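It should be emphasised that the depicted structure is a prediction, and the values quoted were computed from it without experimental measurement. Protein chains get the first letters and strands the later ones, always in sequence-line order, with residue 1 at the start of each.
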Protein chains: 2
Amino acid sequence: MIEDYKKFDKSIPCPVRTLMDRIGDKWVVLVISTLGEKGTMRFNQLHEMIGDISQKMLTVTLKKLQEDGLVSRKMYQEIPPRVEYTLTAMGESLLPHITGLEQWAVANMSGIQQSRQQYLSAK
Amino acid sequence: MIEDYKKFDKSIPCPVRTLMDRIGDKWVVLVISTLGEKGTMRFNQLHEMIGDISQKMLTVTLKKLQEDGLVSRKMYQEIPPRVEYTLTAMGESLLPHITGLEQWAVANMSGIQQSRQQYLSAK
DNA sequence: CCGCATCCAGCATGATACTG
DNA sequence: CAGTATCATGCTGGATGCGG
């Protein structure tokens, strides 16, 4: 039987599905990964680093991560304003899994593309 | 500077973004995870195991996984038809990363829920 | 049994403009 | 600088019915 923790049960939140609602989002992955790499960062630094991502989506993504306790937010009362984001301990503990996934992605990128082309040409 | 392989560049597909377009999908994760656990499975077995997932989404998900070469499909010319799905070698190599993520999810589920409640009550 | 085609509702996201 | 607000929309995914 499928492991209990990944079974669907409307009365109990499934951890796998709950997690995937978050990290099943490329922005979340890129933000965690970038923060893990660079440590503390400001809003616009993240914005520039990631490159493609609208201001809105960065805001939304950071808010979700705060809500889950993966990222902490520190605001300085200055003019102009400064806000810094850092991974929490829980965020740090997730980081190696994200990194592992990224390394797998890099290692298997060509294999995937090859497979896609074969698949297309086969039909 | 952000690592090259996760930089956005419209001329070169970013492995991280490419991967996330796939596993940034809870169905993909659940299918890989379930196949990894049980080995070869038939369409309806998967359907019943996962529980919530429409037939359409299961079909779509399996097709994407085939396309990427993560899952292989074997069809038997019988009446009634029988189709079996199995992880490929590449799929197997991804499995530990998925499993690691799942274990993290189970271990940190309560921490996340706690954080969410604090976040809500703080506003 | 295993899937595909179609229709359609709803949310996620981008663009844009504005604020403390 | 670091967001918020609003609007338009495109794709995701559910429901349904058909086909090999």
Exercise. Could you give the CZ-to-P distance, from A/Phe8 to D/dG14, as a whole number of Å?
Worked result: 11 Å
Problem set entry | Distance test, side-chain N/O of B/Arg42 to OP1/OP2 of C/dG3, below 4.0 Å | no
Exercise. Is the backbone of B/His97 close enough, under 3.5 Å, to the side chain of A/His97 for a donor and an acceptor to pair up by distance?
Worked result: no
For this session: Check DNA chain D against residues 55-67 of chain A and give the residues with a non-hydrogen atom under 4.0 Å, in numerical order.
Result: A/Gln55, A/Lys56, A/Thr59, A/Lys63
For this session: Could you state the atom-to-atom distance from CG of A/Asp25 to C1' of D/dT12 in whole Å?
Result: 14 Å
For this session: Give a yes or no answer on whether the side chain of B/Thr88 reaches the backbone of B/Leu70 with a donor-acceptor pair at less than 3.5 Å.
Result: yes
Exercise. Partners of B/Arg73 by side-chain hydrogen bond (donor to acceptor under 3.5 Å, both in side chains), sequence neighbours excluded?
Worked result: B/Tyr85
Problem set entry | Nearest heavy-atom neighbours spanning B/Gly69 and A/Ser115 | N-OG, 3.0 Å
Problem set entry | salt bridge (charged side-chain N to carboxylate O under 4.0 Å, His left out) pairs, two or more places apart, involving residues 27-36 of chain B | none
Exercise. Is the backbone N or O of B/Arg42 less than 3.5 Å from a side-chain atom of B/Gln45, with the two atoms forming a donor-acceptor pair by type?
Worked result: yes
For this session: Could you tell me the separation between the CD atom of A/Glu48 and the C1' atom of D/dC1, rounded to a whole number of Å?
Result: 11 Å
Exercise. Is a side-chain donor or acceptor of B/Thr34 paired with a backbone partner of B/Leu30 at a separation under 3.5 angstrom?
Worked result: yes
Exercise. How many Å lie between CG on B/Asp52 and P on D/dA15, as a whole number?
Worked result: 12 Å
For this session: Identify the two heavy atoms, one from B/Met90 and one from B/Asp68, that lie closest to each other, and give their separation to 0.1 Å.
Result: CE-O, 3.0 Å
Problem set entry | Atom-pair distance (CG on A/Asn44; P on D/dA2), nearest Å | 5 Å
Exercise. What is the distance, rounded to the nearest whole Å, between atom CD of A/Gln45 and atom C1' of D/dA2?
Worked result: 13 Å
Distance-only check: which donor-acceptor pairs under 3.5 Å involve side-chain atoms of residues 58-67 of chain A, not counting sequence neighbours?
residue : atom : partner : partner atom : Å
A/Thr59 : OG1  : A/Gln55 : O            : 2.9
A/Thr61 : OG1  : A/Met57 : O            : 2.6
A/Lys64 : NZ   : A/Asp25 : OD2          : 3.1

Exercise. Between the side chains of A/Lys6 and B/Ser33, does any donor sit under 3.5 Å from an acceptor?
Worked result: yes
Exercise. Between C/dT13 atom C1' and A/Lys26 atom NZ, what is the distance in whole Å?
Worked result: 11 Å
For this session: Check DNA chain C against residues 77-85 of chain B and give the residues with a non-hydrogen atom under 4.0 Å, in numerical order.
Result: B/Pro80, B/Pro81, B/Val83, B/Tyr85
Problem set entry | Atom pair distance, as rounded to whole Å: CE in B/Met20 and C1' in C/dT13 | 16 Å
Seminar exercise, completed: Bend of the helix from C/dC1-D/dG20 to C/dG20-D/dC1 from end-axis comparison, five pairs per end, nearest 10°, comes to 50°
Seminar exercise, completed: Between A/Asp52 and B/Arg17, the two heavy atoms sitting closest are OD1-NH2, 2.7 Å
